[in-house]
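Below: one structure, written as structure tokens.
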Amino acid sequence: MVPALLPYKLLPYGFRRKYRPQRFIPKQKDLKSTYDVVIIGGGGHALACAYYLARDHGITDVCILEKGYLAGGNTARNTAIIRSNYLTPEGVRFYEQSLKLYRDLSQDFDFNILYSERGHFTLAHTDAAVRTSRWRAEVNKQLGVDSELIFPDEIHRLCPHLSMSDHVRYPILGALYHPPGSIARHDAVAWGYARGATALGAEVHQQTPVSGILIENGTVKGVETPRGRVYANKVMQAVAGSTSVVAKMAGFRLPIRTIPLQACVSVPLKPFLDQIIVSGSLHVYVSQSSRGELVMGGSTDPYGLYSTRSTLDFKEGLLGHMLELLPMLGEVKILRQWAGMADMTPDFSPVMGLTPVKNYYIDSGWGTWGFKATPVCGMTMAHTIATDTPHDLIKPFYLDRFVDYAQVGEKGAASVGH
Amino acid sequence: MMAGVNRLPAPFGAWIDRTEKIAFTFEGKEIEGFRGDTIASALLANGQTMISRSFKYHRPRSVLTMAGQDSNTLVQVGDEPNCLADKRRIEPGLKVEGQNYVGSFEDDKGRFTELVERFLPVGFYYKSFHEQKTSWKAWEPIIRRMAGLGKADLAADFHHSYYDKQYLFADVAVIGGGPAGMVAALAAAGGSAEVILIDEGAELGGSLCYARFNADGTHGSLTRAELDAAIRAKRNIRVLDGAVCTGLFSDNWLPVIKDNRLYKLRAKAIVAATGSIEQPSVFRNNDLPGVMFASAAQRLIRLYGVRPGHRAVVLAANDDGYGAALDLLDAGIAVTAMADLRREVPSNELTRSVRRAGVEIIAGHAIREAIAGPGKARITGAIAAPVAGEGTLAAGDRRLECDLILMAVGYSPAGQLLHHAGTRFAYDGASHMYRPDALPPHLFAAGSVNQAYALDAALADGRRAGWLAARDAGFSAGAEPPAPADPGAVGVTHPWPIFPHDKGMDFVDFDEDLKYKDLINGIADGYDNVELLKRYSTVGMGPSQGKHSAVAAVRIVARETGESLDRMSVTTQRPPYTPEKFGHMAGRVFEPGRRTAMHHRHLELGAQMMPAGMWWRPAYYGPKSERDKTIPAEVTVVRNNVGLIDVSTLGGLDVRGPDAAEFLNRMYTFSYAKQQVGRCRYVLMTDNAGVVTDDGVAVRFHDEHFYVTATTSGVDVVYRQMLWWNAQWRLDVDVANVTAAYAGVNIAGPKSRAVLQRVCDGVDLSAQAFPYMGAAMAEVAGIPARIMRVGFVGELGYEIHVPASQGEALWDALMAAGGQEGIRPFGVEAQRVLRLEKGHIIVSQDTDGLTSVWEADMAWAVAKTKPFFVGGRSAEIQAKTPLTRKLVGFTMANDADPCPEECHLVLKGEEIVGRVTSAVRSPSLNKVVGLAYVHPSDGEPGKQFDIKVAGGRRIIGVVTKHPFYDPENKRQEM
Amino acid sequence: MKLMNCPLNGPRNISEFAWGGEVKPMPDPATLGDRAWGDWLFLENNEAGVVREWWCHVPTSFWFIAERNTVTDDILRTYPAGDIFKERVNFAPKPKTTGAEKK
Amino acid sequence: MASPTNLDPATLRRRSFIYRKLAMAGAEFAEVNGGAVAVRYPARGEAETAIARRMGLADLSVLPHGGFKGRGTVEWLTAQGLEIGADSNKAYAQADGELAARLAPTEIFLLDSLLGTGRLINKLNNAWQWAAAAPRPQQGYPTPRQDSHAWFMVTGERSAEMFAKICGVDLRPRHCPAGTIAQTSVAKMSATIIRADLGGTLAYHLLADIASAEYLWMCVEDAAAEYDGGIVGLAALRALQS
């Protein structure tokens with residue numbers, strides 16, 4: 001017990017004269033002309049998929065093609081919240097599996113992803129929001145997920161800094177409390193998967209965009225890149241923010257609109273906010289990172305755009321509302337703002353699994369929730385690719401559910417869902 | 001007057017007013033400074049060198065830039081954390097404290113982390129603590145405690161200060177009031193263009209205020225005075241000094257912060273004359289108090305009259321270091337030696353003057369190490385060594401006595417704002433700096449941010465940029481000024497001022513306490529791309545966002561990976577340029593709330609108000625403690641007597657024109673072509689996907705005029721959708737949203753007719769003349785009114801809509817008229833109960849984001865033979881698919897069971913098949929009634945289903961036909 | 001803050017406008033198959049490039065069309081909806097039996 | 001009630017949504033158009049015209065205002081004798097000082113003069129009626145602007161600066177000639193601003209959702225405080241105009 005408490009892994013660093021690097025991302029190799037599986041995109045989902053393809057299905061001849069740098073898209077831009085308190089049973093089961101995988105990732109990777117259980121509070125400021133919170137709590141509990149609807153006294157006890165005034169436009173009437181809600185170091189998740197996948201044989205090729213997709217008789221054959229043509233038996237795309245653009249190369253359209261999602265952090269403060277706080281009515285969420293920064297965001301931008309530009313109005317709106325929740329933070333400062341691109345679906349559930357093109361698979365429609373789904377996406381997509389059959393957990397998220405009028409209505413829980 | 005041991009006499013200290021002393025405290029000690037002093041200048045003047053503790057190792061830190069560009073002087077000022085002590089001006093009584101220490105500021109226990117520094121390699125937290133869940137559980141709180149810098153003031157539960165915002169407009173905005181910016185503003189204002197010049201300083205001038213451009217040091221101030229006078233004389237230049245522009249957003253949108261205000265400036269064209277940021281040399285202990293930029297020392301001396309040290313060594317790689325040495329000498333500070341990285345020191349006015357002053361110039365030498373004094377609170381010397389090659393030093397150390405080391409080894413353009421706008425930067429192999437390459441439209445760069453380093457070049461560049469910006473904004477005057485012939489950028493920045501030390505503490509990033517080897521090791525771990533290295537090592541992620549570390553990091557990555565600097569760029573610079581307070585971003589809280597005409601009457605009657613969309617509505621009338629009694633009492637009054645509810649918030653739309661009926665046919669599920677004038681009809685709206693989105697009543701007042709109601713929170717969307725559809729259909733119809741124009745009440749209950757008749761002359765309210773679902777325009781209490789015999793509550797009742805400005809008068813009249821019947825106002829809560837007793841749905845409570853008309857069991861509201869209605873095509877398809885749930889009325893199988901709460905689940909076995917959407921113990925029926933989604937196989941009256949209630953208990957609901965109350969609807973038709 | 005040139009009100013901060021998505025005129029629902037209807041309704045081009053979109057100036061509830069580059073966010077052109085939708089749209093009466101009755 | 005006058009606004013049917021605030025500020029009311037308008041604030045130390053020249057705020061909500069919209073509106077109003085120019089977002093002065101604000105090609109917002117006689121607006125409201133049988137002539141439709149919109153007036157040389165704190169449109173006199181209309185967002189509400197100087201004094205009508213009148217009034221008061229702004233009565237406005 002005691003030795004395990006000591007960070008003994010750090011001892012060699014101190015005692016060795018020379019730094020012994022642990023190479024996480026292997027040096028780039030030459031691009032082969034054929035692979036078993038090509039994964040378009042080098043973010044968390046793609047890397048996780050490669051990892052589980054190798055670990056669970058023995059498929060190691062996998063090539064990950066990333067147009068920029070490793071995990072530099074939405075994986076690098078999200079606010080790293082993990083939770084499973086969804087509204088639909090389909091969503092709850094899926095994200096609960098993700099959360100379970102997350103809990104063991106540091107151990108699996110031998111690499112600390114700084115997974116930190118903080119407790120997640122979705123504040124309700126209207127009767128309707130209280131109802132939705134109860135709905136989510138009831139669905140969660142029925143499926144074994146720890147969630148509860150709590151009321152102002154309890155909220156005040158657990159989050160003493162929140163303004164509980166009822167003389168405001170959005171008084172806090174209740175909250176969905178989800179104790180397992182967590183944060184983690186987003187980059188570390190991707191790096192862990194990258195190391196795991198590459199150690200088992202997968203190749204990561206950065207700065208290698210896909211410029212075309214080879215399809216013969218409705219079956220995918222490979223992809224085009226500036227570094228040459230790459231053939232593959234199976235191809236998956238996991239390119240949040242460019243989903244429709246890549247799918248268009250494969251010849252199909254999706255129920256997706258791509259909309260920027262912005263976030264910002266404060267200058268580091270001594271830790272005071274242990275919880276993750278979300279307010280749908282106020283379009284705000286906030287948590288405090290392991291560096292002491294307040295990590296904050298809101299809802300998606302008001303219109304579609306393929307750009308990660310930032311706006312001033314985002315900050316104005318966000319901080320105005322932030323001070324309604326935490327009025328004492330007026331003198332705290334914003335350090336940096338940025339944006340990612342969210343692929344929004346009509347029902348706020350993902351689009352995963354098979355596509356109209358044979359042997360071409362898709363992992364998309366993550367909206368604002370891609371990070372928390374990373375492990376389960378990797379696991380279920382690996383299964384789907386290996387067996388050419390959608391994993392049970394993702395069957396409800398099939399593309400044709402829209403024309404079948406069988407949507408998975410997660411939207412009710414998600415005016416701002418982080 | 002000379003407050004402070006290190007205060008220099010006038011004329012040093014151009015920005016301080018020695019006639020006004022100001023006292024404040026630092027760590028509880030009283031400190032005295034002058035008006036105009038910053039916290040840092042006042043502290044240094046009083047011999048308080050250490051100002052803050054570093055992030056990781058808690059090393060003492062002091063002034064580095066004296067320009068607010070670093071985080072070495074972050075302090076806590078009262079309730080404000082992370083305040084830049086070198087920018088923040090002192091005020092009487094200011095309470096300043098150090099940050100990030102354990103124990104006391106002077107005796108910080110946190111400094112012992114440095115002892116175990118070897119065990120904490122780059123990314124150490126990824127590499128350990130995770131072996132077992134127990135380990136991370138134990139260490140996480142410890143690591144978390146170490147995080148952060150300043151403290152939020154948690155005791156406060158209010159906004160600290162009054163912050164507001166203002167829009168500004170300019171033809172040309174010039175950002176930066178240094179020489180280039182001043183000239184740019186003048187050039188831009190040559191015609192009639194309106195120019196705004198934004199500068200951070202207490203006065204315009206930038207480097208003209210503190211730098212030395214010639215041997216006698218007069219050139220800067222004379223130029224400044226001349227330009228300043230010219231600017232003040234221009235009526236079309238507005239100067240915003242003491243203001244910082246923190247970002248450059250789409251379409252020339254600039255946030256400018258000054259005092260407690262955020263200005264939002266829209267300019268037609270922009271000149272960025274933001275200058276450049278001096279860059280450090282990397283050597284051991286380069287972070288300790290006493291090591292600072294040459295420009296920082298010059299600012300201290302010239303602007304604040306503060307002696308930065310007593311004996312200095314100047315490390316130079318350009319002439320500016322010599323200018324600084326002359327400033328030191330003028331201020332009576334000894335200069336032990338100049339170490340110059342260059343093998344050959346050019347001979348010019350400045351270098352010759354330094355030589356003439358008897359200062360030894362050691363060419364081809366770098367600083368290997370600064371010698372730390374006791375407690376590292378101040379350096380006590382420097383070790384200079386000959387430069388052997390790029391980043392390597394040869395033997396031949398020389399110890400130089402000093403308590404001050406100035407670094408003048410080069411610059412990097414302050415290109416943050418240009419970055420925000422998407423400017424590409426390219427590495428210039430001749431100047432060894434990144435320079436703006438392709439500028440976006442309407443944006444111009446001038447001065448040292450644009451590589452114009454020599455003063456004459458900066459002035460010429462400013463003139464050119466100002467002229468171009470004015471032309472871009474539509475104001476041409478005279479001929480285009482030429483670009484400077486020689487910008488003078490070559491020779492000011494050394495390509496490799498980085499000299500790692502075996503024993504470390506050679507900082508590349510002061511904010512994050514990152515040493516040279518941390519970057520090298522991170523690259524070795526595979527993070528060999530600047531962006532990846534930034535994320536892994538956190539280089540450039542601290543409060544100064546890489547202003548001093550980004551370029552060094554690129555140089556190091558380039559060398560380690562063998563990549564050319566031409567092909568690399570610094571990491572993306574994101575807004576803000578400098579940290580912005582939440583208060584500034586928030587400003588005044590603009591949160592409109594809508595109040596009905598009767599709002600104050602409700603308050604006078606003791607109503608508890610609740611938000612409903614944008615509106616405030618009475619929930620019930622009486623104290624909160626009486627809620628459970630009040631609501632049933634309000635219900636009972638309506639059932640037995642007469643009640644009055646404010647329904648002003650209900651949406652109202654006038655739909656007029658020859659195509660009015662056709663338009664409603666398309667927008668709603670029902671059919672309206674044959675609706676009689678003077679009659680009401682239910683409206684149900686679905687969206688194109690067949691989802692129920694709104695409902696209300698359509699009243700036909702004229703063949704071509706329907707008055708349509710919509711839900712309180714839905715009407716704005718309904719209105720916008722109607723206009724959107726008709727923008728495509730082009731029917732001859734006019735739609736007006738008249739929601740706010742009408743105040744409305746519903747007077748309901750068996751005695752409502754009697755009360756209304758009393759104030760309603762000339763209208764026959766009898767059941768025959770004015771039947772249920774009838775409507776008329778008439779006068780009520782002398783007020784023109786739209787009267788409709790509709791209601792949600794299932795009693796005889798009248799909805800009366802009157803001009804909003806007369807709504808209060810209507811309320812007064814009805815309350816007075818109903819006095820003898822004991823009329824009583826009722827609120828939203830009672831109405832919810834009453835409607836549920838009647839089994840009426842509330843759209844968005846009893847429906848959700850996917851509910852179809854079939855699921856809601858509202859097939860009766862769908863006209864089957866219309867050519868088209870929005871959602872109709874989807875409804876057809878949905879009708880062919882088997883239902884997965886159905887909305888039904890229910891009561892409890894067992895009377896003793898508790899009333900389920902809204903959103904308790906309906907289960908079939910363990911499977912979730914639906915939920916309770918509304919439920920209440922009916923005061924009128926004294927039993928539970930409700931609505932719920934159940935499995936379609938359980939959808940017929942009499943079927944039983946499981947409801948999981950609080951505590952996981954299951955109770956049994958019985959599907960029951962509604963209305964629960966008055967099933968034949970006789971009461972509303974009385 | 002982007003500027004949007006409203007055909008009625010002139011250049012305004014884009015915060016005064018609401019985005020209405022891509023202009024995709026509705027095909028005749030009476031003749032369209034179920035699958036084709038669903039595709040039209042739910043699938044998006046989500047083009048990375050110049051698109052024709054609906055925008056509404058909120059203070060005046062004025063709908064118009066903008067051509068915008070969804071990569072650069074440049075707004076190339078704005079014009080009243082009437083420039084595209086010129087004719088009154090009529091729907092043919094329904095044949096006697098419809099899907100809705102086969103519930 | 002703090003008002004020194006005997007006229008209690010609550011005795012009249014038409015009431016401004018902020019009459020309580022005006023009364024608290026010490027307003028003296030007079031009856032206009034069936035409602036009580038704040039004419040002056042006798043307790044003020046400074047002349048109200050001086051305040052109004054600097055930065056004044058007045059509530060004219062009970063004064064007659066109205067409008068018409070829909071196809072045929074402008075043709076019908078022209079036939080009724082109004083003079084309406086071709087440009088939208090321009091306000092056109094009528095013979096007796098009324099304003100016909102053209103919000104859109106087929107939409108007119110009518111503001112009475114400061115006398116508030118209602119002569120023109122009442123005449124038009126009475127004149128408009130449904131024609132007997134279809135096809136009916138195109139004549140627009142009346143809109144209930146009297147009740148949908150609160151009507152404030154913002155006056156004085158600092159008023160443009162004040163607006164810059166709550167409205168993103170450039171209303172500085174040089175950039176916003178007399179008669180210019182801005183339909184925009186003010187303090188996060190939709191609002192219509194019309195520049196209509198009073199004599200030589202810069203002034204704007206501010207028209208916005210009646211249900212948010214109290215909110216907007218407080219926002220303007222807050223923004224105006226910096227410029228020593230104050231509430232003024234109708235009398236001061238009339239004085240400036242003449």
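The chains referred to below are lettered A, B, ... by the order of the sequence lines, with proteins before strands, and numbering in each begins at 1.
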TODO: Answer with side chain, backbone, both or neither: which region of C/L3 has an atom nearer than 4.5 Å to a non-hydrogen atom of chain B?
DONE: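 Contact with chain B involves both backbone and side-chain atoms of C/L3.
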Task: Which portion of C/F42 sits near chain B, non-hydrogen atoms under 4.5 angstrom - done: side chain
TODO: On the 0 to 90° scale, with breaks at 30° and 60°, tag the C/F91-B/F868 ring pair as parallel, tilted or perpendicular.
DONE: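 Rings of C/F91 and B/F868: parallel, as their planes differ by under 30°.
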Are side-chain heavy atoms of [X] and [Y] found at a separation under 4.5 Å?
{"X": "C/P25", "Y": "B/Q728", "result": "no"}
{"X": "C/L41", "Y": "B/S874", "result": "yes"}
{"X": "C/V58", "Y": "B/R720", "result": "yes"}
{"X": "B/E876", "Y": "C/D34", "result": "no"}

Task: Residue-level interface, residues 74-89 of chain C with chain B, non-hydrogen cut-off under 4.5 Å - done: C/A81, C/G82, C/F85, C/K86, C/E87, C/R88, C/V89
Task: Contact winner vs chain B - C/S61, C/G38, C/P93, heavy-atom pairs under 4.5 Å - done: C/S61
Quick one: pull up [atom1] in [X] and [atom2] in [Y] and give me the separation to the nearest 0.5 Å.
{"X": "C/N90", "Y": "B/L731", "atom1": "CG", "atom2": "CG", "result": "8.0 Å"}
{"X": "C/M4", "Y": "B/D251", "atom1": "CE", "atom2": "CG", "result": "10.5 Å"}
{"X": "B/N726", "Y": "C/W63", "atom1": "CG", "atom2": "CH2", "result": "13.0 Å"}
{"X": "B/W725", "Y": "C/M26", "atom1": "CH2", "atom2": "CE", "result": "4.5 Å"}

Quick one: what part of [X] sits under 4.5 Å from any heavy atom of chain C, side chain, backbone, both or neither?
{"X": "B/D659", "answer": "side chain"}
{"X": "B/K866", "answer": "backbone"}
{"X": "B/Y167", "answer": "side chain"}
{"X": "B/Q878", "answer": "neither"}

Open item on the list: Looking at every heavy atom in both C/L32 and B/R873, which two are closest together, and how far apart are they?
Closed with: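 Heavy atoms only, the tightest pair is O-NH2, 2.5 Å.
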